[in-house]
*Asks:* 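Below are the structure tokens for one structure; questions will follow.
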There are 2 protein chains.
Amino acid sequence: MEQGASPRRKGPGVTQEEVGRLAGVSGKTVARVIANDPHVSEATREKVEAAIRQTGFRPNFAARSLAAAKSYLIAIFLPDHSSLYHADLFRSAAAACAAKGYHLLLEQYEADSSASALERYDISLRQTRCDGVILAPPLSNDRQLIDRLTADAMPHVLIAPADAEGRSPAVLADESAGVIALFDHLWSLGHRTFGLCTPPPGRPYLHRRNEIFLQCLAGQGAAASAVKLAPFRWEGSTMLSGRTAARFLLDGPDSPDAIFAFNDEYAHGVMIGAQERGLPVPDALSVAGFDDGAAAQFAWPPLTTIRQPLDLMAKKAVELITEGGESCLCAVELMVRQSTGRKAD
Amino acid sequence: MEQGASPRRKGPGVTQEEVGRLAGVSGKTVARVIANDPHVSEATREKVEAAIRQTGFRPNFAARSLAAAKSYLIAIFLPDHSSLYHADLFRSAAAACAAKGYHLLLEQYEADSSASALERYDISLRQTRCDGVILAPPLSNDRQLIDRLTADAMPHVLIAPADAEGRSPAVLADESAGVIALFDHLWSLGHRTFGLCTPPPGRPYLHRRNEIFLQCLAGQGAAASAVKLAPFRWEGSTMLSGRTAARFLLDGPDSPDAIFAFNDEYAHGVMIGAQERGLPVPDALSVAGFDDGAAAQFAWPPLTTIRQPLDLMAKKAVELITEGGESCLCAVELMVRQSTGRKAD
DNA sequence: CTGAAAGCGCTTACAG
DNA sequence: CTGAAAGCGCTTACAG
């Protein structure tokens, strides 16, 4: 016989107030228990916790967001071209979010359309008032989007931007160290002539990998003829483009001892191209990639590459948003597998 | 000189009320314009729209969720093992969500721990009161989790469950038709002996693919000796396990004409195993997979497989949650590529 | 250590 | 066609 019952439909959930009533305290005290506020007596805490267990109470996310002006939501953009690099990143970011009571929002955009991510932000993401946005490559180099987020006072973190000059906090992998380690590895195996691949346009962070490799080569006093560069030609997929690059590099008398591809998918294509030419990897040719993404696992033989600690980087990115802090640099690791070997005599 | 200004911090956003004031109407009218309510005069609508543009107003997500008891959030679980199958699904689901004004929430769980997804739901997802949950394989077969969602009155959709007997709405791919198409393709190429691979335990939907293949074979009146079955042995990755299966199948005098692997990653491993044995694909052996996932693109030669329309399926799943409706069956497509060929004489 | 009040910015009925 | 009132379930100050 409830009088004055609310005319509004009540959701299935229990409220703070109801839990409090059950425990003989106010709703506010329930909130304090949940927030782990130390200013609660042990006896009260136990009563409240029992009531929470009994009712299965979970605070209402929307109400909390509204009152606290905090969404507990972190967004990340997903390009429409599948990429295991991104899938790995999401997995780690989602885990890091969960550990901090946040949730990860996925926003899809068209990688081919330069305005798409910005548009998605304006139309869709902005109104969520999420607490931050994580930008993975290639978006972490999208000046327009970054400026927009900055103007909107929307916290954001850049994963592996090509240059960390900007004032946006960034999580970087020590790519230089990675390329150097890879070069040293190849050099120590006796290789003296190298093939490099031109990355797609608009990917400065990939170009940088090549530049560092060339600096290493120069550091050894190698002649310019020690390196052969394949032009970029898009064949419909990264792998097929790598295959074409390999054909270019392996044709002619100046075929190199080893090929360094700027990422794993490209390296995979390079290996296929080499094997089609009848060159077994690594016996006739060493091939190395970069990222240690899924392509490194799919490739055969297993690919020597540089492991980016994506799980750590995603975790760091989430932390930078939830707790603030400085940009940071994460160590990479050389993964020596079977695609590189000693130069045949 | 605002008197009685709110003591509470105001977010950076503009409110409905403020937009209304600018347009000379009430906040409620602004809401009506945004909801595309037809009961608004054209003149008012234009004034309001101008004010919205001018202020860059976006409704506050949390306030909307709280008032409407609707979160505009759809959740999907992500296993901690990277899988392009899932990455593809998310991409499509996120796009479908965006098209309907919803957002996609990613919840990571540990695929190896049977309780992990349930736990993630209880601890984290439940309080978001999202409007629905999408369960992809293998979770779409997790009876415990499904029962829990049902008990919680949490709307959910199963993607490709092994059996669609339950009362949960499901989006199915017509896998039987796919296996049949694949069998017919191999049979028409002249292959008469076949290798099959035992899927990992606890994946009834993968076992079913083999069963249907065997039924096709029986339908042709083939003898039991026409098929050789590799046992399941986990080698640390799907691909390596497939490679081991291939070795088993190709050793001995009863080596088959063609191998049907229950999914693409396995098929990729099978091709590697075959090529290592000196058997060129497809000249000496035809190999076919299932899913047309990323592994099909990484494989070499390009893999003949069955394409599951994941984009359509994800879209359907989102629709079932936002608009309700019946379970549905999506057509699959045979993708003939270079891993299958006519039986050598 | 605990509670009553006010408010977050919307939506849902209900009036006019 | 448009508006004023009440309420969604929390949190934030402020009292006690």
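To find a chain, count down the sequence lines: A is the first, B the second, and so on, and within it residues start at 1. When reading the values below, keep in mind they use all heavy atoms of this one structure, side chains included, and skip hydrogens, waters and symmetry mates.
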*Asks:* Is the backbone N or O of Ser113(A) less than 3.5 Å from a side-chain atom of Ser116(A), with the two atoms forming a donor-acceptor pair by type?
*Replies:* no
*Asks:* Find the distance Arg129(A):CZ to dC8(C):C1' and express it as a whole number of Å.
*Replies:* 11 Å
*Asks:* May I ask you to evaluate whether Thr44(A) reaches the phosphate of dT2(C), defined as a side-chain N or O under 4.0 Å from OP1 or OP2?
*Replies:* yes
*Asks:* For the residue pair Phe77(B) and Tyr121(B), what are the closest heavy atoms and their distance?
*Replies:* CZ-CB, 4.2 Å
*Asks:* Pull out every protein N or O sitting under 3.5 Å from an N or O of nucleotides 3-5 of chain C, one pair per line with the distance.
*Replies:*
residue : atom : partner  : partner atom : Å
dG3(C)  : OP2  : Ser26(A) : N            : 3.0
dG3(C)  : OP2  : Ser26(A) : OG           : 3.0
dG3(C)  : OP2  : Thr29(A) : OG1          : 2.6
dG3(C)  : N7   : Arg32(A) : NH2          : 2.7

*Asks:* Could you tell me whether Ala31(A) contacts a base, only the sugar-phosphate backbone, or nothing, with contacts defined as non-hydrogen atoms closer than 4.0 Å?
*Replies:* sugar-phosphate
*Asks:* Output the single nucleotide from dC1(C), dC8(C), dT11(D) whose closest atom is nearest the side chain of Arg64(A).
*Replies:* dT11(D)
*Asks:* Which one, dT2(C), dC10(D), dG7(D), comes nearest to the side chain of Asn60(A)?
*Replies:* dC10(D)
*Asks:* Could you tell me whether the phosphate oxygens of dT2(D), OP1 or OP2, come under 4.0 Å of any side-chain nitrogen or oxygen in Ser41(B)?
*Replies:* yes
*Asks:* Is a side-chain N or O of Asp152(B) found less than 3.5 angstrom from the main chain of Met154(B), in a donor-acceptor match?
*Replies:* no
*Asks:* Could you tell me the separation between the CD1 atom of Ile34(B) and the C1' atom of dG9(C), rounded to a whole number of Å?
*Replies:* 12 Å
*Asks:* From CZ of Arg21(A) over to P of dC10(D), roughly how many Å is that when rounded to an integer?
*Replies:* 12 Å
*Asks:* Let me know the distance between CD of Glu18(A) and P of dC8(D), rounded to the nearest Å.
*Replies:* 10 Å
*Asks:* For Val25(B), does its backbone N or O pair with a side-chain atom of Thr29(B) as donor and acceptor, under 3.5 Å?
*Replies:* no
*Asks:* In whole Å, what is the span from the CG atom of Leu66(B) to the C1' atom of dC10(D)?
*Replies:* 7 Å
*Asks:* Please determine whether a side-chain nitrogen of the Lys or Arg among Arg91(B) and Asp311(B) lies less than 4.0 Å from a carboxylate oxygen of the Asp or Glu.
*Replies:* no
*Asks:* Does the pair Arg58(B)/Asp122(A) count as a salt bridge with the N-to-O cut at 4.0 Å?
*Replies:* no
*Asks:* Check the distance between dC8(D)'s C1' and Tyr72(B)'s OH and give it to me in whole angstrom.
*Replies:* 13 Å
*Asks:* Would you kindly say whether Thr128(B) and His103(A) are connected by a side-chain donor-acceptor distance under 3.5 Å?
*Replies:* no
*Asks:* Could you provide the dot-bracket string of DNA chain D, using ( ) for intrastrand pairs, [ ] for crossing pairs and | for bases paired to another strand, with Watson-Crick or G-U pairs below 3.5 Å?
*Replies:* |||.||||||||.|||
*Asks:* Do Ser124(A) and Glu107(A) have side-chain N/O donor and acceptor atoms under 3.5 Å apart?
*Replies:* yes
*Asks:* Among residues 49-59 of chain A, which contact DNA chain C at a heavy-atom distance under 4.0 Å?
*Replies:* none
*Asks:* Map Ala63(B) and Arg45(B) onto DNA chain D by nearest heavy atom, then report which one ends up closer to the 5' terminus.
*Replies:* Arg45(B)
*Asks:* If the threshold is 4.0 Å, N to carboxylate O, is there a salt bridge linking Glu110(B) and Arg120(B)?
*Replies:* no
*Asks:* Rounded to the nearest angstrom, tell me the gap between atom CD in Gln16(A) and atom P in dG9(D).
*Replies:* 11 Å
*Asks:* Using a 4.5 Å cut-off on heavy atoms from C-beta on, say whether the side chain of Leu105(A) contacts that of Leu125(A).
*Replies:* yes
*Asks:* Within a 6.0 Å radius of atom CD on Glu326(A), are there more than 12 heavy atoms belonging to other residues, nucleotides or ligands?
*Replies:* no
*Asks:* Please work out whether the ring planes of Phe61(B) and Tyr72(B) are parallel, tilted or perpendicular, with thresholds of 30° and 60°.
*Replies:* tilted
